[in-house]
Amino acid sequence: MNEIAFLPIAAEILLLGGAVLILMAAVTLNLGPRTWAIIAGTTLGLSFLVAWVQWWRIDDVGSQIHYTGDFLRTPMVVMDYFSVFGGGLVIAAGGIALLGGWRLVGSLEKRGAEYVALVLLAVAGLHIMVISANLILMFIGLETASIALYVVAGFTRDRPDSDEAAIKYFLLGSFASALFLYGIALTYAATGSTSIYGPTGIVAFFAERAITEPGVLLIGIALMIVGLGFKVSAAPFHQWAPDVYQGAPGAAVPLMASGVKIAGFAAMARVLTVAFDASISDWAQVISALAALSVVVGTLFAIAQSDFKRMLAYSGVAHAGFMLTALVAGQSGVPGLWFYLGTYAFQLIGTFIIASIISGAAGGASPLDSYRGLAKRSPVLAGALAVLMLAMGGIPLTAGFVGKVGVFAAAIDAGYLWLAIVGLVSAVAGLFFYLRLIVLAYFNDPDPALADEPITAPRSSRLALAVCVSFTFLFGVLPWPLLNLTSEALPL
Amino acid sequence: MAGLLVIHIAAALAILWWRGRVGRRAFLVGSVGPLAVLVWAIFQASGISAGTPYVQRIGWVPSLDLTFDLRVDAYSLAYLLVIAGAGVAIFIYAARYFSDGSRVPTFAATMTIFAGAMVGIVVSDHLLSIFVFWELTTITSYLLIGYDDHKAQARSAALHAALITGAGGLAMLGGFVLLADAAGSYLISDIVSQPPAASTAVTVAWLLILLGAVTKSAQFPFHAWLPGAMSAPTPASAFLHSATMVKAGIFLVGRLGATATATADWWQPVILVVGFITMVIGGWRALRQTDLKLLLAFGTVSQLGFLFLLIGSGSAKLVFGGLALLVAHALFKAALFMVVGTIDHQAGTRDIRRLSGLRRSMPGTFWTAVAAAASMAAVPLTYGFVAKEAAFDGLVGKETTMIAAAAAASILTVVYSARFLIGAFGPHEPGQEPAGPEAPVARSALLWSPLVLAGAGIVLGFAPRLVLGLVDNATVAVTGVAAAGKLVLWPGLVPALGWSALSLAVGAVLVARPPRVDAAVGAVGTLADKLPTGEGTYRRALPALLTFADRSSGILQNGSLPAYIAIIVLVAVALPAAAVVGDLPPLTRPPGGIALEWMLGALIVGAAISLVFVRRRFAVVILLGGVGYGIAGLYAILGGPDLSLTQLLVETLAIALFAFVLRHLPGTFNEAVTARIPRIVVALTVGSFVFAGGLLANTFRGGRAVADSYLAQAVPEAAGSNVVNVILVDFRGFDTLGEITVLVAATLGVAGLAVPALRMLRREG
């Protein structure tokens with residue numbers, strides 16, 4: 001083997017090391033949650049720092065492809081602005097999500113260490129998905145993250161619906177993974193490579209020859225879209241999301257919902273807009289159909305929900321649709337996708353933190369009725385909820401608005417005017433359920449049984465929530481720093 | 001200019017900061033916003049009227065083409081003066097209207113932000129910043145209307161208004177995007193100077209923009225939210241429905257009307273029809289109200305219809321009349337709303353049937369109301385008359401039906417104006433408990449604010465020249481041509497005067513015979529009530545949407561795992577199938593195998609088929625194992641002994657595990673084999689798809705570069721002759737590390753499952 005550059009995979013090394021350290025600290029040294037928090041915080045903080053270092057490094061020497069055995073020329077990971085931005089986003093989302101749900105760790109006693117370790121493993125897996133330059137490695141990242149999250153979904157086993165959520169997530173997820181893997185196999189059959197870059201990679205393959213009979217390749221691409229579509233909960237592969245979001249321990253859902261979306265979309269963007277850029281006319285139609293279906297189905301079903309988490313799950317389907325809308329534009333849609341993803345992830349985390357404050361860190365169901373009169377019980381929480389709901393609805397002066405403008409502009413520029421209009425109409429209908437939360441919180445009286453019950457939120461949740469809300473507001477009013485960053489974060 | 005918006009925000013923040021101490025004086029703090037706009041507008045008036053718009057540009061999000069472009073021309077200036085003028089009066093009024101309460105400062109801050117957003121709409125040149133301010137008015141008006149949040153009616157009215165105008169706003173956003181796409185710019189000044197060529201996209205754009213304007217300005221069939229919004233505190237109603245919120249739609253159609261007319265020939269007829277229907281329906285329904293405020297609300301709907309069709313028409317003469325009327329409407333409607341507020345404040349009710357004796361106890365308010373109502377009814381010597389003359393003058397020469405409809409609406413206006421005066425200041429109805437003022441009106445803003453506005457309506461009647469320049473220049477600014485319209489108290493013997501006189505005369509006759517009018521109104525009224533209204537549609541559409549969403553999610557999201565899997569795998573089959581349908585490459589026959597392969601194949605297929613028909617669980621597990629062992633055998637024959645070994649191990653382990661679990665489950669499946677048919681179909685479909693995929697892939701070997709180089713480099717590079725091992729631990733060592741990580745996660749999961757279970761077993765003994 002030739003030289004190994006450690007910078008591109010420094011985050012993985014740190015995260016895996018952190019996970020092992022936490023397990024050791026808990027099992028052999030018998031140290032408590034405070035130590036785990038220090039280790040996890042340091043690990044995630046350093047990993048985030050690594051992203052900055054990588055960015056500077058690329059500024060200096062340009063994008064790099066790594067783990068290239070010279071004779072094989074099948075690069076494994078790539079360090080470009082795209083992977084650094086996406087990786088940083090995954091780590092940030094994972095960190096905030098873990099912070100927001102720290103209360104769960106305390107309540108799990110000894111098993112808390114396992115939970116924290118699993119979260120770090122999941123973040124590492126998601127990170128691999130973002131940086132991988134090889135389809136097989138991407139699959140391994142996907143599996144690492146997925147299996148960690150299957151376990152997390154069933155972590156509180158005193159509730160049957162948590163078990164149900166975990167087993168559903170696991171079975172359906174395995175199917176999706178299998179389909180993704182089959183797609184990779186067919187792609188290999190058609191192009192002779194599982195690497196995206198490099199002289200024998202897929203990009204080079206397309207550059208050298210025109211595909212005359214694209215049958216196998218198209219099946220491969222379609223299956224990969226199905227596999228990743230499942231992970232980002234795009235319709236019609238979304239059915240797991242409501243059951244899992246509702247059943248899984250509340251504090252664990254933010255990572256499940258946001259982190260997987262970030263990594264899934266990053267992988268999708270890398271695979272579709274880089275590897276299969278040549279067949280964009282084929283896959284863009286599939287993506288546009290999924291996008292339209294997702295926004296319509298997500299919005300429509302969200303209206304019917306009486307449980308906050310289920311509603312968020314369906315609204316997440318609609319948001320996945322909005323992000324797919326950006327993807328139809330190919331590489332020129334990537335900045336719009338990033339901005340939407342980056343801001344939506346924090347809206348989602350913030351919202352789920354609120355949900356887990358209201359219905360307990362280990363709790364499942366979160367009926368809308370428990371948000372009645374929230375403004376009277378906790379004005380701060382209600383204010384945060386209002387900002388996040390307005391952002392998800394795409395109301396101006398929140399990050400959600402700028403995000404929507406970005407994805408619709410990308411779709412229109414790519415000639416998908418009809419998709420932008422479907423999206424807009426759905427956004428109109430979607431306002432209904434976002435505003436409904438605000439109405440419940442501000443214009444209804446609390447349930448008399450709950451009215452005097454104070455809402456207690458641990459400092460960790462409040463801190464994480466504050467970060468999410470200020471992000472949402474800040475990037476709504478002053479979006480350009482993030483916009484500049486996303487416009488640079490293009491895949492190699 | 002941008003500073004004016006900052007002043008609004010600063011005022012609102014100041015109010016919120018001192019909300020503990022400021023009390024109702026918060027409105028005086030808030031009035032700084034409109035006051036600053038008023039002063040600014042007056043100082044800039046001469047320059048802007050001369051034809052040089054005031055322009056300011058601030059980059060907001062340049063990369064998304066979001067710049068903050070401000071442009072004030074004479075048209076915007078007219079709206080600014082109206083908004084700010086009425087705003088100052090109403091804010092000062094509100095400072096006396098409310099009593100100190102803990103939520104009053106928040107309300108005042110919201111109203112200040114609302115005023116700022118309204119200013120933002122009329123000074124923005126960028127379509128998207130118009131949309132931003134537009135939705136800001138929607139949100140703040142929602143909070144203003146829903147202020148009495150313990151009243152269910154106020155809440156639902158606020159939601160109704162927000163949903164209708166918010167949805168309209170988003171539709172408008174769609175229209176903006178399409179329009180800007182076609183015109184190549186988001187700046188209104190660019191779009192107006194270089195209109196896009198007519199196309200389907202542009203047509204859709206105009207439709208969507210029109211939808212936004214129609215909902216905001218409470219035009220038929222979306223007018224129902226406005227009367228509902230009367231549950232707002234009266235100062236808010238006065239501000240929202242005389243000078244601001246509802247004028248936003250009119251502002252927009254006026255701004256774009258000329259361009260729209262030029263690129264879409266249906267624009268003008270649609271505007272006219274919508275406006276006329278709104279005008280007549282509003283006027284008609286105003287006749288039947290007993291609540292003074294609702295009467296004004298329906299009157300407002302009617303007036304808005306008239307303004308909408310005049311200003312949106314894009315034709316210079318009509319726009320001229322419309323703008324003249326816009327000023328008149330702001331003056332008299334704000335005054336009348338405040339009069340109602342004063343009455344409600346002093347007498348505790350605004351029910352026409354109960355109010356009694358107010359004329360004597362509230363003479364100042366009475367004369368204010370007379371002046372304002374006279375202006376509303378377009379009685380000569382008022383500015384309302386002057387403006388309506390201009391409007392009629394514009395209509396003369398168009399279709400006779402149009403002018404007749406306008407006259408009909410004018411007659412209705414005369415009648416409901418009289419009804420307002422008589423109802424408020426006349427005697428109470430027999431059989432009703434009379435209500436009079438509990439305290440005389442102090443000489444305060446409750447008296448002065450409406451009086452100043454109503455008085456202005458009279459003064460301008462005698463000195464219409466004061467607004468002539470403003471209205472004329474504003475018309476030129478949007479239509480490009482001077483209307484050559486007149487604003488005079490005595491127009492001479494022209495057809496317009498005839499129509500005015502006719503409306504007044506018929507109106508007066510009707511007023512003089514109230515019982516017959518009431519009877520006629522009642523008779524036609526029951527008929528009119530049966531017509532579908534936007535209200536009914538809204539009330540039906542909302543639950544219908546909810547029911548539909550509920551049912552479809554019940555069917556498609558039933559919680560059944562097999563159903564979910566079926567959907568996922570079927571789509572996974574259908575998507576690629578759709579992609580390759582048509583140009584399916586020829587399937588080559590796979591090379592024939594040796595006898596042993598065929599036997600193993602038969603074993604696998606046979607086991608799989610019998611699996612489907614077996615009902616004993618244990619037999620299922622055995623057959624499943626048979627499939628697995630068969631595949632392991634195939635691997636062994638085809639040159640993959642290591643794979644074969646792995647497969648054997650996994651199968652054996654799986655069967656053993658199954659055997660443990662099966663002890664706790666019933667011996668047979670409950671369901672009949674026939675119940676499995678749908679699953680069998682799904683399984684067959686997916687199976688054949690995967691089979692076909694395998695065949696296809698076999699015919700396509702793009703290249704063997706990787707495989708060959710692995711084989712070639714195994715010994716020299718990694719010194720290993722087992723190429724599989726070399727790949728696993730050397731060439732792709734990091735992949736293996738990743739897989740080990742996966743195993744760690746899985747182990748944690750299994751441990752999490754097993755440890756507590758073991759503990760439980762031990763406890764049970």
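Lettering of chains follows the sequences in order, A, B, ..., and the numbering in each one begins at 1. Just so it is clear, the values below take in all heavy atoms, side chains as well, and ignore hydrogens, waters and symmetry mates.
Interface remark: B/Ala572 contributes backbone and side-chain atoms alike to the contact with chain A (heavy atom separation under 4.5 Å). With a 4.5 Å cut-off on non-hydrogen atoms, B/Val690 touches chain A through its backbone and its side chain both. Residue B/Leu178 touches chain A through its side chain alone, counting heavy-atom pairs closer than 4.5 Å. Of the atoms belonging to A/Leu300, heavy atoms from both backbone and side chain fall under 4.5 Å from chain B. Only the side chain of B/Glu135 comes within contact range of chain A, with at least one heavy atom under 4.5 Å from a heavy atom of that chain. Using a 4.5 Å cut-off between heavy atoms, A/Leu23 touches chain B through its side chain atoms alone. With a 4.5 Å cut-off on non-hydrogen atoms, A/Leu121 touches chain B through its side chain but not through its backbone. The parts of A/Ile303 that come within reach of chain B are both its backbone and its side chain, each placing non-hydrogen atoms under 4.5 angstrom from that chain. Of the atoms belonging to A/Phe237, heavy atoms from both backbone and side chain fall under 4.5 Å from chain B.
Residue with the most contacts toward chain B among A/Val151, A/Thr144, A/Leu172: A/Leu172 (heavy-atom pairs, distance under 4.5 Å). In terms of heavy-atom pairs under 4.5 Å with chain B, the best-connected choice from A/Val297, A/Leu390, A/Asn134, A/Leu149 is A/Asn134. Taking B/Val204, B/Leu737, B/Val742, B/Leu743 one by one and counting their heavy-atom pairs under 4.5 Å with chain A, the maximum is reached by B/Val742.
Once rounded to the nearest 0.5 Å, the distance linking CG of B/Leu561 with CD1 of A/Ile167 reads 8.5 Å. B/Asp181 contributes atom CG, which lies 5.5 Å from atom CD1 of A/Ile412 (distance to the nearest 0.5 angstrom). Note that OG1 of B/Thr741 is 12.5 Å distant from CD of A/Glu143, once rounded to the nearest 0.5 Å.
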_Check against side chain to side chain contact (heavy atoms under 4.5 Å, CB included), B/Tyr142 and A/Leu435_ = CA-CA 11 Å; B/Tyr142 171 74; A/Leu435 289 181; 6.0 Å; no
*Determine, step by step, whether A/Ile219 and B/Phe689 satisfy the side chain to side chain contact (heavy atoms under 4.5 Å, CB included) criterion, reporting the C-alpha distance in whole Å, the side-chain angles of both residues, the deciding distance to 0.1 Å, and the verdict.*
CA-CA 10 Å; A/Ile219 298 180; B/Phe689 168 75; 3.7 Å; yes
*Checking side chain to side chain contact (heavy atoms under 4.5 Å, CB included) for the pair A/Phe230/B/Ile568: CA distance, chi angles, key distance, verdict?*
CA-CA 8 Å; A/Phe230 174 88; B/Ile568 290 179; 3.7 Å; yes
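Other residues, nucleotides and ligands contribute at most 12 non-hydrogen atoms within 6.0 Å of the CZ atom of A/Phe175.
Between A/Phe401 and B/Phe131, the ring-plane angle classifies as parallel under the 30° and 60° cut-offs.
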